[in-house]
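To start, the structure itself, in structure tokens.
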Amino acid sequence: MKKALVGIIMGSSSDSKIMHSAATILDEFGVAHEDQIVSAHRTPTRLSDYAKHAEKEGFKVIIAGAGGSAHLPGMIASHTVIPVIGVPIMVYNDKANSDKFKFSAFGGLDALLSISEMPTGSPVVTVGVNKAANAGLYAVKILANEFPELRSKLKKHKETQYNSVIKESDEMRKIGLARFAGKKK
Ligand code: RP5
């Protein structure tokens, strides 16, 4: 797939530390995506412009990540009929000089509530705090309704997950819990 089917947006360059996991999953499944920074409060006019752009490009899903009061996913959803998956981000502000100010006071709960509690009429499905990979996976699931090859890849992905748990469990049984846990460190 060459044409971007998913638009990934985030409120700040600092969100890229988390949001890249969505891109990695989409890359694994061979789903092309376009990635941009759109700040709802610093570039408000870009919100509606981006929604128009997304519709024009024919994106089928938008993944939107934001931290703090996190209005980006909801506002994008209000501007377009394209389904939006929101990623609440625990703010890590790399522009701050002191460690004290690097994380948000509410550890991502602020963004989680802000994104998931959209009023009736403009829904945003929400993944867990910092769970950008799940957003990527969910986007693939939506696309799999239309692209059968993605359905097969998702089944394979499930099989791989199953096998990796069995492999670890076999090792744990073989070497014992204490040694296994020691090796995990
Ligand atoms: C939000 O504010 C962004 O989504 C980001 O998570 C947070 C902090 O942004 P920076 O101060 O790092 O630019 O708008």
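Both ligands and their constituent atoms are indexed starting at 1 by order of listing. Source: prediction; values computed, not measured.
Scanning all heavy atoms of the two residues, the minimum distance from Ile115 to Gly86 falls at CG2-CA, 3.9 Å.
Applying the 4.0 Å criterion to heavy atoms of Ser14 picks out, from ligand 1, the atoms 9 (O), 10 (P), 12 (O). Each of the atoms 4 (O) of ligand 1 lies under 4.0 Å from some heavy atom of Ala66.
Taking only non-hydrogen atoms, the option from Val38, Ile18, Ile9, Asp15 nearest to atom 5 (C) of ligand 1 is Asp15.
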Working for side-chain hydrogen bond (donor to acceptor under 3.5 Å, both in side chains), residues Glu34 and Gln36: CA-CA 7 Å; Glu34 186 217 77; Gln36 289 205 46; 3.0 Å; yes
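An N or O contact shorter than 3.5 Å links Gly67 to ligand 1 by distance. The shortest N or O to N or O distance between Ser39 and ligand 1 is not below 3.5 Å.
Residue contacts with ligand 1: Met10 is excluded, as none of its non-hydrogen atoms falls under 4.0 Å.
Glu171 has a carboxylate O that lies under 4.0 Å from a charged side-chain N of Lys183, or vice versa, which qualifies the two as a salt bridge.
For Phe59 and His33, the gap between ring centers reaches or exceeds 6.0 Å.
The closest donor-acceptor contact from the side chain of Arg151 to the backbone of Glu146 lies at 3.5 Å or more, if one exists at all.
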